[in-house]
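Everything below concerns the one structure shown next.
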Amino acid sequence: MLNGEKILFSAMQSTGKLTLGNYVGALKNWGKLTEEYRCFYSVADLHSITVRQDPAALRKNARDVLMTYIASGLDPKKNCIYYQSHVSAHAELAWMLDCFTYMGELNRMTQFKDKSAKHADNINAGLFTYPVLMAADILLYQADVVPVGNDQLQHLELARDIALRFNHVYGDVFTVPEPYLGKHGARIKSLQDPTQKMSKSDENPNGCIYILDDHDTIMRKCKRAITDSGSEVLYSDDKPGIKNLIDIYTSMTGKTPEEVEKEFEGKGYGEFKTAVGEAVCSELDPVRQEYERLSKDKAYVDALIKENAETARYYAEKTLRKVRKKIGFPEIVR
Ligand code: AQP
């Protein structure tokens with residue numbers, strides 16, 4: 001709690017350009033949480049280096065993620081929006097929490113198994129201890145709630161276990177975080193392979209709509225989306241391509257799948273795909289325009305980055321001081 005408000009923490013990795021999946025599953029809803037919570041939104045650039053990153057690309061992606069947060073409606077005066085790498089307490093607390101986490105626990109993490117299979121040539125220790133850094137992210141800000149998709153639930157449970165274990169030894173140090181149970185967006189799939197989630201590190205850019213794609217690119221990608229045999233617009237597991245497009249359309253318009261089926265009854269896939277493209281454009285065009293405006297105002301964005309990092313550091317250091325003291329590290333002489 002901070003001044004009577006519950007604290008919420010969330011983050012996105014800067015491993016690539018943000019996708020419509022990131023927007024629907026997270027960003028679109030984040031803006032609405034500001035009224036109810038004191039929100040910390042991090043650009044998880046430390047997490048991003050579990051996969052090799054080109055330095056210039058990482059720097060650009062991280063800044064783009066931060067500006068996309070703002071362009072999507074997160075007010076940087078009301079939300080703390082910052083780079084994880086600007087707050088060294090994340091890495092410091094992660095080390096301490098490593099010593100309160102068991103190998104057996106980390107061995108059970110399904111994301112580690114999936115990611116090691118995907119990056120067999122680079123199964124580094126960071127990939128293994130990733131959930132501990134995530135626990136540090138959350139516990140540093142004494143977050144009450146964390147909006148997580150199903151794929152991150154296991155990591156959040158681990159963060160809770162680590163907090164409880166630490167508190168058991170040292171008293172009430174960390175708030176034990178709960179998953180945010182409010183509205184979550186649909187899981188958006190790749191336009192080229194609807195059995196896979198739309199993912200910013202996907203090597204096929206046609207499978208992803210990027211939040212910053214221009215109007216024509218979005219229309220082209222929607223029109224080229226893989227569809228299924230038949231010609232009816234039906235929300236069915238037998239039609240994963242069309243089902244995914246319906247999920248996208250409902251996320252953009254607020255309509256239900258039944259309403260969409262009715263709207264396109266007797267109409268072909270072509271007409272439906274055009275409507276999906278237009279709906280996506282009408283939502284994302286203003287975001288891109290705002291991003292472009294921010295890109296031209298370097299001084300304004302730099303000032304926000306500085307101010308928000310200071311706020312993040314203030315709260316993170318507060319927790320870290322408490323943790324250092326509890327563990328028994330000698331006090332820093334200033
Ligand atoms: N396809 C998706 N549909 C709905 N929600 C999604 N999210 C990601 N993809 C979809 C949500 O976006 C938030 C940020 O995710 P992240 O950057 O921490 O990592 P991720 O979930 O692993 O996303 P990506 O795009 O697939 O990243 P890479 O390719 O780097 O692994 C989360 O809230 C997530 O649920």
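Counting convention: from 1, in listed order, for ligands and their atoms alike.
Sorted by first then second residue, the ring pair (Phe, Tyr, Trp, His ring centres under 6.0 Å) pairs that include residues 193-237, not counting sequence neighbours, number zero. Pairs passing the ring pair (Phe, Tyr, Trp, His ring centres under 6.0 Å) check and including a residue from residues 115-151, sequence neighbours excluded, read Phe9-Tyr141, Phe40-Tyr141, His47-Tyr130, Tyr82-Tyr141, His90-Tyr141, Phe112-Phe128, Tyr130-His155.
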- [ ] With side chain to side chain contact (heavy atoms under 4.5 Å, CB included) as the test, would you mind laying out the steps for His168 and Arg165 before giving the verdict?
- [x] CA-CA 5 Å; His168 183 70; Arg165 187 172 302 145; 5.6 Å; no
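Taking a 6.0 Å sphere around NZ of Lys78, one finds it holds 12 or fewer heavy atoms contributed by other residues, nucleotides or ligands. Within 6.0 Å of NZ in Lys32 there are more than 12 heavy atoms belonging to other residues, nucleotides or ligands.
The other residues sharing a hydrophobic cluster with Leu46 are Leu133, where clustering joins ILVMFWY side chains under 4.5 Å apart.
Pocket lining of ligand 1, defined as residues with a non-hydrogen atom under 4.0 Å away: Met12, Gln13, Thr15, Gly21, Asn22, Gly25, Ala26, Lys115, Asp151, Ala186, Arg187, Ile188, Lys197, Met198, Ser199, Lys200, Ser201.
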